[in-house]
Amino acid sequence: MKNRRDFFKTSFKTLCLCGGASFLASLALEAKEEYFLRPPGAEDEERFLSLCIRCGLCVDACPYDTLKLASVLDAAKTGTPFFEARKIPCYLCKDIPCIKECPTNALDNKHLAPDKGIESLQMGIAIVDSASCVAHWGIQCDACYRACPLIDRALKIETKRNERTAKHALLLPVVDHEVCVGCGLCELACITQEPAIRVLPRTYVLGKAGDNYIKGWDRDDENRLKESSTKKKFDSKKATQYLNDGDL
Amino acid sequence: MRYLIARRIVQIAILALFAFAPSALVMGNLSSSLWFNTIPLSDPFAALQIFLASLSIDLSLLAGALLIFLLYGIFLGRAFCAWVCPINLITDFASFVRQKMGLRASKFIILSKNLRYLILILTLVLSFILSQPVFEAFSYIGIVQRGVIFGGFSWAFVGFVIFVIDAFLASRAVCSHFCPLGAFYAFISRYALLKVRYHLSKCTKCFKCVEICPERQVLAHIGKEQKNVLSGECIRCGRCIEVCDDDALEFSIFDIRRKNV
Ligand code: SF4
Ligand code: SF4
Ligand code: SF4
Ligand code: SF4
(Lines give C-alpha, C1' and ligand atoms only; values in the text may rest on other atoms or scores of the structure.)
(Ligands and ions follow the chains in the order given, each with its own letter.)
Protein backbone atom coordinates (compact mmCIF):
# COMPACT_ATOMS: atom_id res chain seq x y z
CA MET A 1 0.00 0.00 0.00
CA LYS A 2 1.51 3.28 -1.04
CA ASN A 3 -0.27 5.53 1.39
CA ARG A 4 -3.23 5.80 3.66
CA ARG A 5 -5.50 7.19 1.00
CA ASP A 6 -4.91 4.23 -1.25
CA PHE A 7 -5.45 1.89 1.65
CA PHE A 8 -8.86 3.35 2.44
CA LYS A 9 -9.83 3.32 -1.20
CA THR A 10 -9.04 -0.36 -1.56
CA SER A 11 -10.70 -1.24 1.74
CA PHE A 12 -13.86 0.59 0.80
CA LYS A 13 -13.96 -1.06 -2.57
CA THR A 14 -13.41 -4.53 -1.10
CA LEU A 15 -16.02 -3.94 1.58
CA CYS A 16 -18.61 -2.90 -0.99
CA LEU A 17 -17.84 -5.85 -3.25
CA CYS A 18 -18.11 -8.28 -0.36
CA GLY A 19 -21.36 -6.67 0.82
CA GLY A 20 -22.92 -6.89 -2.63
CA ALA A 21 -21.76 -10.44 -3.20
CA SER A 22 -23.01 -11.67 0.17
CA PHE A 23 -26.42 -10.14 -0.49
CA LEU A 24 -26.68 -11.94 -3.82
CA ALA A 25 -25.51 -15.16 -2.21
CA SER A 26 -28.07 -14.87 0.57
CA LEU A 27 -30.79 -14.40 -2.03
CA ALA A 28 -29.64 -17.48 -3.92
CA LEU A 29 -29.49 -19.59 -0.78
CA GLU A 30 -32.91 -18.58 0.40
CA ALA A 31 -35.21 -21.28 -0.93
CA LYS A 32 -38.64 -20.28 0.34
CA GLU A 33 -41.36 -22.87 0.31
CA GLU A 34 -43.89 -20.70 2.06
CA TYR A 35 -47.41 -20.50 0.75
CA PHE A 36 -49.19 -17.29 -0.13
CA LEU A 37 -52.60 -16.35 -1.47
CA ARG A 38 -53.26 -14.49 -4.70
CA PRO A 39 -55.85 -11.71 -5.04
CA PRO A 40 -59.33 -12.46 -6.44
CA GLY A 41 -59.37 -13.53 -10.06
CA ALA A 42 -55.79 -14.82 -10.16
CA GLU A 43 -56.87 -18.47 -10.04
CA ASP A 44 -54.62 -19.99 -12.67
CA GLU A 45 -51.12 -19.11 -11.44
CA GLU A 46 -49.54 -19.68 -14.86
CA ARG A 47 -52.04 -17.45 -16.61
CA PHE A 48 -51.70 -14.87 -13.87
CA LEU A 49 -47.91 -14.72 -14.05
CA SER A 50 -47.98 -14.32 -17.81
CA LEU A 51 -50.19 -11.24 -17.45
CA CYS A 52 -49.33 -9.37 -14.26
CA ILE A 53 -47.31 -6.22 -15.02
CA ARG A 54 -46.62 -5.77 -11.28
CA CYS A 55 -48.09 -2.30 -11.18
CA GLY A 56 -49.80 -2.42 -7.81
CA LEU A 57 -53.04 -0.91 -9.09
CA CYS A 58 -54.88 -3.72 -7.32
CA VAL A 59 -52.96 -2.88 -4.15
CA ASP A 60 -54.01 0.76 -4.42
CA ALA A 61 -57.60 -0.23 -5.17
CA CYS A 62 -58.13 -2.47 -2.14
CA PRO A 63 -59.87 -0.46 0.58
CA TYR A 64 -58.69 -2.85 3.31
CA ASP A 65 -54.96 -2.83 2.50
CA THR A 66 -55.23 -6.57 2.04
CA LEU A 67 -52.89 -6.85 -0.91
CA LYS A 68 -49.14 -6.35 -0.93
CA LEU A 69 -46.62 -6.44 -3.75
CA ALA A 70 -43.98 -9.05 -3.01
CA SER A 71 -40.53 -7.68 -2.25
CA VAL A 72 -37.37 -9.62 -3.09
CA LEU A 73 -37.62 -11.33 0.28
CA ASP A 74 -41.25 -12.47 0.03
CA ALA A 75 -42.24 -15.93 -1.11
CA ALA A 76 -44.30 -14.76 -4.08
CA LYS A 77 -42.55 -13.72 -7.28
CA THR A 78 -41.10 -10.28 -6.69
CA GLY A 79 -43.49 -7.49 -7.52
CA THR A 80 -46.62 -9.63 -7.78
CA PRO A 81 -49.57 -9.08 -5.44
CA PHE A 82 -50.43 -11.50 -2.63
CA PHE A 83 -52.05 -11.47 0.78
CA GLU A 84 -51.78 -13.19 4.12
CA ALA A 85 -55.15 -14.16 5.50
CA ARG A 86 -54.20 -14.09 9.19
CA LYS A 87 -52.96 -10.49 8.85
CA ILE A 88 -55.61 -8.98 6.61
CA PRO A 89 -58.05 -11.27 4.77
CA CYS A 90 -59.97 -10.40 1.63
CA TYR A 91 -63.28 -8.85 2.65
CA LEU A 92 -64.93 -9.84 -0.64
CA CYS A 93 -66.01 -6.37 -1.79
CA LYS A 94 -69.21 -6.63 -3.79
CA ASP A 95 -67.76 -4.66 -6.74
CA ILE A 96 -64.31 -6.35 -6.48
CA PRO A 97 -62.30 -3.12 -7.08
CA CYS A 98 -58.97 -4.95 -7.32
CA ILE A 99 -60.16 -6.81 -10.41
CA LYS A 100 -61.72 -3.67 -11.79
CA GLU A 101 -58.47 -1.70 -11.62
CA CYS A 102 -56.20 -4.41 -13.01
CA PRO A 103 -55.04 -3.04 -16.39
CA THR A 104 -53.89 -6.34 -17.86
CA ASN A 105 -56.75 -8.63 -16.92
CA ALA A 106 -54.30 -10.65 -14.83
CA LEU A 107 -57.10 -10.58 -12.27
CA ASP A 108 -59.69 -12.13 -14.50
CA ASN A 109 -62.56 -9.71 -15.07
CA LYS A 110 -64.96 -12.53 -15.88
CA HIS A 111 -65.81 -12.35 -12.17
CA LEU A 112 -67.23 -8.87 -12.72
CA ALA A 113 -70.01 -10.24 -14.90
CA PRO A 114 -73.38 -9.83 -13.16
CA ASP A 115 -74.03 -13.56 -13.04
CA LYS A 116 -70.65 -14.30 -11.42
CA GLY A 117 -69.49 -12.08 -8.56
CA ILE A 118 -67.57 -12.92 -5.42
CA GLU A 119 -68.94 -16.43 -5.18
CA SER A 120 -67.10 -17.45 -8.31
CA LEU A 121 -63.71 -16.52 -6.81
CA GLN A 122 -61.21 -19.24 -6.00
CA MET A 123 -58.40 -17.77 -3.94
CA GLY A 124 -57.87 -20.79 -1.74
CA ILE A 125 -59.51 -23.40 0.44
CA ALA A 126 -60.00 -23.34 4.19
CA ILE A 127 -58.70 -26.36 6.05
CA VAL A 128 -59.57 -27.15 9.67
CA ASP A 129 -56.89 -28.69 11.84
CA SER A 130 -59.05 -30.92 14.00
CA ALA A 131 -56.25 -31.42 16.51
CA SER A 132 -56.05 -27.77 17.51
CA CYS A 133 -59.60 -26.61 16.75
CA VAL A 134 -61.14 -26.25 20.20
CA ALA A 135 -64.56 -27.17 18.85
CA HIS A 136 -63.13 -30.66 18.41
CA TRP A 137 -62.15 -30.53 22.08
CA GLY A 138 -65.74 -30.08 23.05
CA ILE A 139 -65.52 -26.35 23.65
CA GLN A 140 -68.32 -24.42 22.02
CA CYS A 141 -66.72 -22.13 19.43
CA ASP A 142 -68.14 -21.08 16.16
CA ALA A 143 -66.04 -17.97 15.51
CA CYS A 144 -65.01 -19.06 12.03
CA TYR A 145 -68.50 -20.21 11.14
CA ARG A 146 -69.93 -16.83 12.04
CA ALA A 147 -67.16 -14.95 10.27
CA CYS A 148 -67.74 -16.73 6.97
CA PRO A 149 -69.51 -14.51 4.46
CA LEU A 150 -70.92 -17.66 2.89
CA ILE A 151 -72.17 -18.93 6.23
CA ASP A 152 -73.90 -22.31 6.15
CA ARG A 153 -72.75 -22.87 2.62
CA ALA A 154 -68.94 -22.65 2.63
CA LEU A 155 -68.67 -23.31 6.33
CA LYS A 156 -71.21 -25.49 8.08
CA ILE A 157 -71.56 -26.79 11.60
CA GLU A 158 -71.83 -30.54 11.93
CA THR A 159 -72.91 -32.10 15.17
CA LYS A 160 -71.34 -35.23 16.52
CA ARG A 161 -71.60 -37.13 19.77
CA ASN A 162 -68.80 -36.32 22.17
CA GLU A 163 -67.46 -39.78 22.93
CA ARG A 164 -65.19 -38.49 25.68
CA THR A 165 -67.95 -37.16 27.91
CA ALA A 166 -70.60 -39.43 26.43
CA LYS A 167 -73.29 -36.86 27.07
CA HIS A 168 -72.39 -33.71 25.09
CA ALA A 169 -72.42 -32.80 21.44
CA LEU A 170 -69.52 -31.53 19.39
CA LEU A 171 -70.33 -28.60 17.08
CA LEU A 172 -67.70 -28.96 14.39
CA PRO A 173 -66.86 -26.49 11.63
CA VAL A 174 -66.78 -28.22 8.25
CA VAL A 175 -65.70 -26.59 5.01
CA ASP A 176 -67.48 -27.32 1.75
CA HIS A 177 -64.71 -27.20 -0.82
CA GLU A 178 -67.10 -26.54 -3.66
CA VAL A 179 -68.29 -23.28 -2.10
CA CYS A 180 -65.38 -21.85 -0.09
CA VAL A 181 -63.75 -18.97 -1.98
CA GLY A 182 -60.68 -18.67 0.23
CA CYS A 183 -61.18 -15.17 1.56
CA GLY A 184 -59.55 -15.99 4.88
CA LEU A 185 -62.10 -14.28 7.12
CA CYS A 186 -62.38 -17.52 9.10
CA GLU A 187 -58.62 -17.72 9.56
CA LEU A 188 -58.57 -14.18 10.93
CA ALA A 189 -61.49 -14.90 13.24
CA CYS A 190 -60.13 -18.15 14.67
CA ILE A 191 -59.58 -17.80 18.40
CA THR A 192 -56.69 -20.23 18.84
CA GLN A 193 -53.12 -19.03 19.28
CA GLU A 194 -52.17 -20.21 15.82
CA PRO A 195 -55.22 -20.43 13.58
CA ALA A 196 -56.81 -23.87 13.63
CA ILE A 197 -58.48 -23.06 10.34
CA ARG A 198 -56.20 -21.91 7.56
CA VAL A 199 -56.71 -20.90 3.97
CA LEU A 200 -54.27 -22.60 1.63
CA PRO A 201 -53.85 -22.25 -2.13
CA ARG A 202 -56.14 -24.65 -3.94
CA THR A 203 -53.25 -26.48 -5.59
CA TYR A 204 -51.90 -27.35 -2.14
CA VAL A 205 -55.14 -28.91 -1.06
CA LEU A 206 -57.26 -30.31 -3.83
CA GLY A 207 -56.77 -33.78 -5.17
CA LYS A 208 -58.26 -35.36 -8.28
CA ALA A 209 -60.06 -38.68 -8.36
CA GLY A 210 -59.60 -39.30 -12.07
CA ASP A 211 -62.11 -40.55 -14.63
CA ASN A 212 -61.83 -44.18 -13.68
CA TYR A 213 -64.02 -43.67 -10.62
CA ILE A 214 -67.73 -43.09 -10.78
CA LYS A 215 -69.91 -42.22 -7.85
CA GLY A 216 -72.14 -45.10 -6.84
CA TRP A 217 -75.87 -44.73 -7.42
CA ASP A 218 -75.44 -41.49 -9.33
CA ARG A 219 -76.65 -41.62 -12.92
CA ASP A 220 -75.40 -38.12 -13.73
CA ASP A 221 -71.85 -38.83 -12.70
CA GLU A 222 -71.42 -41.03 -15.77
CA ASN A 223 -71.77 -37.92 -17.89
CA ARG A 224 -68.33 -36.91 -16.66
CA LEU A 225 -66.88 -39.64 -18.84
CA LYS A 226 -68.18 -38.05 -22.01
CA GLU A 227 -65.51 -35.32 -21.83
CA SER A 228 -62.78 -37.56 -20.53
CA SER A 229 -59.75 -38.32 -22.61
CA THR A 230 -59.60 -41.69 -24.34
CA LYS A 231 -55.91 -41.38 -25.04
CA LYS A 232 -54.86 -43.49 -22.10
CA LYS A 233 -53.33 -46.73 -23.36
CA PHE A 234 -52.37 -49.70 -21.32
CA ASP A 235 -49.47 -51.87 -22.18
CA SER A 236 -51.32 -55.14 -22.57
CA LYS A 237 -48.10 -57.18 -22.82
CA LYS A 238 -46.99 -56.05 -19.41
CA ALA A 239 -49.74 -58.02 -17.73
CA THR A 240 -49.41 -61.22 -19.76
CA GLN A 241 -45.65 -61.30 -19.49
CA TYR A 242 -45.88 -61.02 -15.79
CA LEU A 243 -48.22 -63.97 -15.65
CA ASN A 244 -46.74 -66.24 -18.27
CA ASP A 245 -43.01 -65.79 -18.30
CA GLY A 246 -42.45 -64.40 -14.88
CA ASP A 247 -40.44 -66.22 -12.28
CA LEU A 248 -43.55 -67.13 -10.40
CA MET B 1 -25.92 22.32 -13.29
CA ARG B 2 -29.42 23.34 -14.20
CA TYR B 3 -30.31 20.18 -16.15
CA LEU B 4 -28.77 18.03 -13.46
CA ILE B 5 -30.88 19.73 -10.80
CA ALA B 6 -33.97 19.64 -12.99
CA ARG B 7 -33.46 15.93 -13.59
CA ARG B 8 -33.10 15.15 -9.92
CA ILE B 9 -36.24 17.15 -9.17
CA VAL B 10 -38.23 15.37 -11.88
CA GLN B 11 -36.96 11.92 -10.88
CA ILE B 12 -37.72 12.38 -7.22
CA ALA B 13 -41.01 14.21 -7.83
CA ILE B 14 -42.33 11.35 -9.98
CA LEU B 15 -41.51 8.76 -7.33
CA ALA B 16 -42.97 11.01 -4.62
CA LEU B 17 -46.15 11.50 -6.64
CA PHE B 18 -46.64 7.76 -6.97
CA ALA B 19 -45.86 7.22 -3.30
CA PHE B 20 -47.82 10.04 -1.69
CA ALA B 21 -50.34 11.57 -4.07
CA PRO B 22 -54.00 10.68 -3.40
CA SER B 23 -55.36 7.92 -5.58
CA ALA B 24 -57.70 10.37 -7.29
CA LEU B 25 -54.57 11.85 -8.89
CA VAL B 26 -52.48 8.78 -9.59
CA MET B 27 -52.51 5.06 -8.79
CA GLY B 28 -50.04 2.32 -9.60
CA ASN B 29 -46.36 2.72 -10.38
CA LEU B 30 -43.94 3.09 -13.28
CA SER B 31 -44.98 -0.26 -14.75
CA SER B 32 -48.56 0.81 -15.19
CA SER B 33 -50.55 3.63 -13.69
CA LEU B 34 -53.86 5.40 -13.83
CA TRP B 35 -53.93 9.20 -13.76
CA PHE B 36 -56.97 11.20 -12.67
CA ASN B 37 -58.87 7.89 -12.66
CA THR B 38 -58.97 8.02 -16.47
CA ILE B 39 -55.63 8.20 -18.28
CA PRO B 40 -53.73 4.90 -18.31
CA LEU B 41 -49.97 4.92 -18.74
CA SER B 42 -47.96 1.73 -19.08
CA ASP B 43 -44.41 0.66 -19.72
CA PRO B 44 -44.49 -0.36 -23.42
CA PHE B 45 -41.61 -2.81 -23.02
CA ALA B 46 -43.39 -4.63 -20.20
CA ALA B 47 -46.60 -4.57 -22.24
CA LEU B 48 -44.76 -6.10 -25.20
CA GLN B 49 -43.41 -8.88 -22.99
CA ILE B 50 -46.87 -9.53 -21.61
CA PHE B 51 -48.27 -9.67 -25.10
CA LEU B 52 -45.67 -12.21 -26.13
CA ALA B 53 -46.16 -14.19 -22.93
CA SER B 54 -49.94 -14.36 -23.04
CA LEU B 55 -50.64 -13.68 -26.72
CA SER B 56 -53.42 -11.36 -25.62
CA ILE B 57 -53.53 -7.77 -24.55
CA ASP B 58 -56.05 -5.82 -22.55
CA LEU B 59 -57.24 -2.60 -24.15
CA SER B 60 -56.34 -0.33 -21.25
CA LEU B 61 -52.84 -1.77 -21.14
CA LEU B 62 -52.48 -1.29 -24.86
CA ALA B 63 -53.71 2.32 -24.68
CA GLY B 64 -51.36 3.12 -21.79
CA ALA B 65 -48.39 1.53 -23.49
CA LEU B 66 -49.12 3.30 -26.75
CA LEU B 67 -49.26 6.70 -25.04
CA ILE B 68 -45.84 6.20 -23.44
CA PHE B 69 -44.45 4.70 -26.65
CA LEU B 70 -45.53 7.74 -28.66
CA LEU B 71 -44.39 10.21 -25.99
CA TYR B 72 -40.81 8.93 -26.11
CA GLY B 73 -40.79 7.69 -29.70
CA ILE B 74 -42.01 10.98 -31.18
CA PHE B 75 -40.95 13.64 -28.71
CA LEU B 76 -38.60 12.86 -25.88
CA GLY B 77 -36.36 10.08 -27.13
CA ARG B 78 -34.57 8.01 -24.51
CA ALA B 79 -35.26 10.70 -21.89
CA PHE B 80 -36.87 8.09 -19.63
CA CYS B 81 -33.44 6.88 -18.63
CA ALA B 82 -32.16 10.27 -17.56
CA TRP B 83 -35.31 11.89 -16.23
CA VAL B 84 -37.58 9.18 -14.82
CA CYS B 85 -35.79 5.92 -14.08
CA PRO B 86 -34.74 5.72 -10.41
CA ILE B 87 -31.75 3.53 -11.29
CA ASN B 88 -30.22 6.59 -12.93
CA LEU B 89 -29.82 8.13 -9.46
CA ILE B 90 -27.79 5.13 -8.38
CA THR B 91 -25.65 4.73 -11.49
CA ASP B 92 -24.92 8.45 -11.71
CA PHE B 93 -23.81 8.37 -8.08
CA ALA B 94 -21.71 5.29 -8.79
CA SER B 95 -19.96 6.99 -11.67
CA PHE B 96 -19.42 10.07 -9.47
CA VAL B 97 -17.73 7.88 -6.84
CA ARG B 98 -15.74 6.10 -9.53
CA GLN B 99 -14.47 9.40 -10.84
CA LYS B 100 -13.69 10.79 -7.38
CA MET B 101 -11.77 7.68 -6.41
CA GLY B 102 -9.94 7.77 -9.69
CA LEU B 103 -10.72 4.20 -10.65
CA ARG B 104 -9.61 3.24 -14.09
CA ALA B 105 -11.52 1.06 -16.51
CA SER B 106 -11.41 -2.58 -15.59
CA LYS B 107 -9.23 -4.81 -17.70
CA PHE B 108 -11.19 -7.91 -16.82
CA ILE B 109 -14.69 -6.92 -17.68
CA ILE B 110 -15.07 -5.35 -21.07
CA LEU B 111 -18.66 -5.19 -22.18
CA SER B 112 -20.00 -4.37 -25.57
CA LYS B 113 -22.63 -1.67 -25.81
CA ASN B 114 -24.49 -4.00 -28.12
CA LEU B 115 -24.86 -6.55 -25.34
CA ARG B 116 -28.05 -4.79 -24.26
CA TYR B 117 -29.66 -5.33 -27.66
CA LEU B 118 -28.83 -8.99 -27.41
CA ILE B 119 -30.44 -9.07 -23.99
CA LEU B 120 -33.43 -7.18 -25.35
CA ILE B 121 -34.00 -9.79 -28.05
CA LEU B 122 -33.32 -12.63 -25.63
CA THR B 123 -35.86 -11.18 -23.21
CA LEU B 124 -38.55 -11.05 -25.85
CA VAL B 125 -37.84 -14.54 -27.17
CA LEU B 126 -37.76 -16.01 -23.68
CA SER B 127 -40.98 -14.22 -22.75
CA PHE B 128 -42.64 -15.97 -25.64
CA ILE B 129 -41.14 -19.36 -24.89
CA LEU B 130 -41.65 -19.29 -21.13
CA SER B 131 -45.03 -17.51 -21.24
CA GLN B 132 -43.81 -15.02 -18.67
CA PRO B 133 -42.66 -11.40 -18.89
CA VAL B 134 -39.06 -12.38 -18.31
CA PHE B 135 -37.40 -9.04 -17.64
CA GLU B 136 -40.16 -8.01 -15.25
CA ALA B 137 -39.38 -11.07 -13.16
CA PHE B 138 -36.03 -9.74 -12.03
CA SER B 139 -36.18 -6.13 -13.17
CA TYR B 140 -34.08 -4.08 -10.76
CA ILE B 141 -35.92 -1.02 -12.06
CA GLY B 142 -39.16 -2.61 -10.92
CA ILE B 143 -37.73 -3.70 -7.58
CA VAL B 144 -36.33 -0.28 -6.75
CA GLN B 145 -39.26 1.82 -7.92
CA ARG B 146 -41.84 -0.45 -6.30
CA GLY B 147 -39.77 -0.46 -3.13
CA VAL B 148 -39.69 3.33 -3.00
CA ILE B 149 -43.36 3.69 -3.94
CA PHE B 150 -44.89 0.96 -1.79
CA GLY B 151 -42.40 1.07 1.09
CA GLY B 152 -40.09 -1.56 2.51
CA PHE B 153 -36.32 -1.80 2.61
CA SER B 154 -35.17 -4.90 0.76
CA TRP B 155 -34.95 -2.90 -2.46
CA ALA B 156 -32.08 -0.89 -0.95
CA PHE B 157 -29.85 -3.99 -1.12
CA VAL B 158 -30.62 -4.38 -4.79
CA GLY B 159 -29.80 -0.71 -5.27
CA PHE B 160 -26.54 -1.27 -3.42
CA VAL B 161 -25.60 -4.18 -5.66
CA ILE B 162 -26.19 -2.00 -8.71
CA PHE B 163 -24.02 0.69 -7.15
CA VAL B 164 -21.24 -1.82 -6.49
CA ILE B 165 -21.37 -3.19 -10.03
CA ASP B 166 -21.22 0.26 -11.59
CA ALA B 167 -18.70 1.77 -9.23
CA PHE B 168 -16.22 -1.06 -8.85
CA LEU B 169 -16.74 -3.70 -11.49
CA ALA B 170 -17.34 -1.97 -14.78
CA SER B 171 -18.08 1.63 -15.57
CA ARG B 172 -21.73 2.28 -16.46
CA ALA B 173 -22.31 -1.45 -16.77
CA VAL B 174 -25.98 -1.51 -15.84
CA CYS B 175 -27.54 1.31 -17.85
CA SER B 176 -25.20 1.50 -20.82
CA HIS B 177 -24.42 -2.14 -21.37
CA PHE B 178 -26.99 -4.36 -19.79
CA CYS B 179 -30.40 -2.74 -19.49
CA PRO B 180 -32.89 -4.08 -22.08
CA LEU B 181 -35.38 -1.33 -21.23
CA GLY B 182 -32.74 1.28 -22.10
CA ALA B 183 -32.04 -0.62 -25.29
CA PHE B 184 -35.76 -0.66 -26.07
CA TYR B 185 -36.04 3.10 -25.62
CA ALA B 186 -32.85 3.64 -27.63
CA PHE B 187 -34.34 1.54 -30.40
CA ILE B 188 -37.57 3.52 -30.62
CA SER B 189 -35.90 6.91 -30.13
CA ARG B 190 -33.99 7.29 -33.37
CA TYR B 191 -36.54 9.67 -34.88
CA ALA B 192 -37.65 11.47 -31.73
CA LEU B 193 -37.82 15.24 -32.06
CA LEU B 194 -35.87 16.23 -28.96
CA LYS B 195 -32.25 16.25 -30.03
CA VAL B 196 -28.98 17.77 -28.90
CA ARG B 197 -27.91 20.33 -31.49
CA TYR B 198 -24.21 20.73 -32.20
CA HIS B 199 -22.41 23.75 -33.71
CA LEU B 200 -19.01 22.84 -35.04
CA SER B 201 -18.08 26.51 -35.54
CA LYS B 202 -18.40 27.26 -31.81
CA CYS B 203 -16.69 24.09 -30.67
CA THR B 204 -13.17 24.47 -29.27
CA LYS B 205 -12.56 20.73 -29.21
CA CYS B 206 -12.00 20.45 -25.49
CA PHE B 207 -14.01 17.16 -25.46
CA LYS B 208 -15.37 17.82 -22.00
CA CYS B 209 -18.74 16.71 -23.36
CA VAL B 210 -17.40 13.36 -24.49
CA GLU B 211 -15.72 12.98 -21.12
CA ILE B 212 -18.97 13.35 -19.19
CA CYS B 213 -21.40 11.66 -21.55
CA PRO B 214 -22.76 8.35 -20.25
CA GLU B 215 -23.16 7.12 -23.83
CA ARG B 216 -19.97 8.44 -25.40
CA GLN B 217 -20.41 6.77 -28.75
CA VAL B 218 -23.25 9.15 -29.62
CA LEU B 219 -20.79 12.06 -29.60
CA ALA B 220 -18.35 10.43 -32.01
CA HIS B 221 -18.71 13.29 -34.49
CA ILE B 222 -17.76 16.05 -32.04
CA GLY B 223 -14.96 18.18 -33.40
CA LYS B 224 -15.20 16.52 -36.77
CA GLU B 225 -18.54 17.06 -38.31
CA GLN B 226 -21.38 19.59 -38.10
CA LYS B 227 -24.17 17.21 -37.15
CA ASN B 228 -26.68 16.97 -34.33
CA VAL B 229 -26.63 14.06 -31.91
CA LEU B 230 -28.87 11.71 -33.83
CA SER B 231 -28.43 8.39 -32.08
CA GLY B 232 -31.38 7.06 -30.13
CA GLU B 233 -28.90 5.99 -27.48
CA CYS B 234 -28.52 9.59 -26.27
CA ILE B 235 -30.42 9.74 -22.99
CA ARG B 236 -31.07 13.50 -23.24
CA CYS B 237 -29.55 14.14 -19.85
CA GLY B 238 -28.04 17.45 -20.98
CA ARG B 239 -24.72 16.83 -19.20
CA CYS B 240 -22.81 17.67 -22.37
CA ILE B 241 -24.72 20.93 -22.74
CA GLU B 242 -23.97 21.97 -19.18
CA VAL B 243 -20.32 21.14 -19.36
CA CYS B 244 -19.68 22.97 -22.65
CA ASP B 245 -18.23 26.41 -21.97
CA ASP B 246 -18.54 27.46 -25.59
CA ASP B 247 -22.30 27.08 -26.15
CA ALA B 248 -21.65 24.59 -28.91
CA LEU B 249 -24.40 22.29 -27.70
CA GLU B 250 -28.08 22.90 -26.94
CA PHE B 251 -31.40 21.12 -26.82
CA SER B 252 -33.66 21.53 -29.82
CA ILE B 253 -37.20 20.23 -30.11
CA PHE B 254 -38.28 21.04 -33.61
CA ASP B 255 -35.32 20.86 -35.86
CA ILE B 256 -36.47 22.76 -38.91
CA ARG B 257 -33.13 22.54 -40.61
CA ARG B 258 -33.26 18.80 -40.39
CA LYS B 259 -32.43 18.41 -44.07
CA ASN B 260 -29.02 20.08 -43.95
CA VAL B 261 -27.70 18.37 -40.87
S1 SF4 C 1 -62.20 -8.11 -3.06
FE2 SF4 C 1 -61.96 -6.23 -1.88
S3 SF4 C 1 -60.97 -6.86 0.04
FE4 SF4 C 1 -60.71 -8.54 -1.39
S5 SF4 C 1 -58.68 -8.11 -2.25
FE6 SF4 C 1 -60.21 -7.23 -3.64
S7 SF4 C 1 -60.36 -5.13 -2.99
FE8 SF4 C 1 -59.34 -6.20 -1.34
S1 SF4 D 1 -53.40 -4.69 -10.91
FE2 SF4 D 1 -53.19 -6.54 -12.12
S3 SF4 D 1 -51.26 -6.26 -13.23
FE4 SF4 D 1 -51.28 -4.75 -11.57
S5 SF4 D 1 -50.19 -5.79 -9.89
FE6 SF4 D 1 -52.39 -6.18 -9.59
S7 SF4 D 1 -52.69 -8.15 -10.63
FE8 SF4 D 1 -50.75 -7.37 -11.37
S1 SF4 E 1 -62.23 -18.84 3.46
FE2 SF4 E 1 -63.36 -19.22 5.33
S3 SF4 E 1 -64.64 -17.44 5.55
FE4 SF4 E 1 -63.94 -17.42 3.43
S5 SF4 E 1 -65.48 -18.55 2.29
FE6 SF4 E 1 -63.98 -20.06 2.90
S7 SF4 E 1 -64.75 -20.88 4.80
FE8 SF4 E 1 -65.84 -18.96 4.45
S1 SF4 F 1 -62.58 -20.36 15.16
FE2 SF4 F 1 -60.89 -21.77 15.21
S3 SF4 F 1 -61.15 -22.90 17.11
FE4 SF4 F 1 -63.10 -21.87 16.68
S5 SF4 F 1 -64.29 -23.40 15.60
FE6 SF4 F 1 -63.26 -22.14 14.06
S7 SF4 F 1 -61.38 -23.26 13.63
FE8 SF4 F 1 -62.19 -24.10 15.55
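The chains referred to below are lettered A, B, ... by the order of the sequence lines, with proteins before strands, and numbering in each begins at 1. What you see is a predicted model; the values in this text were computed from it and never measured.
A:Leu49 touches chain B through backbone and side chain together, each having a heavy atom under 4.5 Å away. Of the atoms belonging to B:Ser54, heavy atoms from both backbone and side chain fall under 4.5 Å from chain A. With a 4.5 angstrom heavy-atom cutoff, A:Lys77 touches chain B only via side-chain atoms. Using a 4.5 Å cut-off between heavy atoms, A:Ala61 contacts chain B through both its backbone and its side chain. Using a 4.5 Å cut-off between heavy atoms, B:Ile143 contacts chain A through its side chain alone, with no backbone atom that close.
Heavy atoms of other residues, nucleotides or ligands lying less than 6.0 angstrom from CZ of A:Phe82 number more than 12. Atom CZ of A:Arg146 has 12 or fewer neighbouring heavy atoms from other residues, nucleotides or ligands inside a 6.0 Å radius. Atom CG of B:Leu59 sits in a sparse spot, with 12 or fewer heavy atoms from other residues, nucleotides or ligands closer than 6.0 Å. Heavy atoms from other residues, nucleotides or ligands lying under 6.0 Å from CZ of B:Phe20 number 12 at most. In B:Tyr117, the OH atom is crowded: over 12 heavy atoms of neighbouring residues, nucleotides or ligands sit closer than 6.0 Å. Residue-environment remark: NZ (B:Lys113) exceeds the threshold of 12 foreign heavy atoms within 6.0 Å. Heavy-atom neighbours of B:Phe96 CZ from other residues, nucleotides or ligands within 6.0 Å: at or below the threshold of 12.
If you take CD1 on B:Ile50 and CG on A:Asn105, they are separated by 11.0 Å, rounding to the nearest 0.5 Å. Taken to the nearest 0.5 Å, the CG atom of A:Leu17 stands 10.0 Å off from the CD1 atom of B:Ile165. Expressed to the nearest 0.5 Å, how far OG1 of A:Thr78 lies from CD of B:Glu136 amounts to 10.5 Å. Remark: B:Ile149 CD1 to A:Cys55 SG distance equals 10.5 Å, nearest 0.5 Å. If you take CG on A:Leu51 and CD on B:Gln132, they are separated by 11.0 Å, rounding to the nearest 0.5 Å. Rounded to the nearest 0.5 Å, atoms CG (A:Asn109) and CG (B:Asp58) are 6.5 Å apart.
Side-chain atoms of B:Asn29 come within 3.5 Å of backbone N or O of A:Arg54 as a donor-acceptor pair.
No side-chain heavy atom of B:Ser154 sits less than 4.5 Å from a side-chain heavy atom of A:Asp74. Side-chain atoms of B:Phe150 and A:Val59, non-hydrogen and from C-beta on, do get closer than 4.5 Å to each other. By the 4.5 Å heavy-atom criterion applied to side chains, B:Phe153 and A:Ser71 are not counted as neighbours.
Applying the side-chain contact (heavy atoms from CB on, under 4.5 Å) test between B:Ser32 and each of A:Pro103, A:Cys102, A:Cys52 identifies A:Pro103 as the sole match.
The minimum heavy-atom distance between A:Cys16 and B:Phe163, with the atom names listed, is SG-CE2, 4.4 Å. Between A:Leu69 and B:Arg146, the shortest heavy-atom distance links the atoms CD1-CD, 3.4 Å.
When each of B:Pro133, B:Ala46, B:Ala47 is scored by its heavy-atom pairs under 4.5 Å with chain A, the top score falls to B:Pro133. Per-residue counts of heavy-atom pairs under 4.5 Å with chain A were compared for B:Val97, B:Ile57, B:Val158, B:Leu52; the largest is that of B:Val158.
Classification of the A:Phe12-B:Phe168 ring pair by plane angle, with boundaries at 30° and 60°, yields perpendicular.
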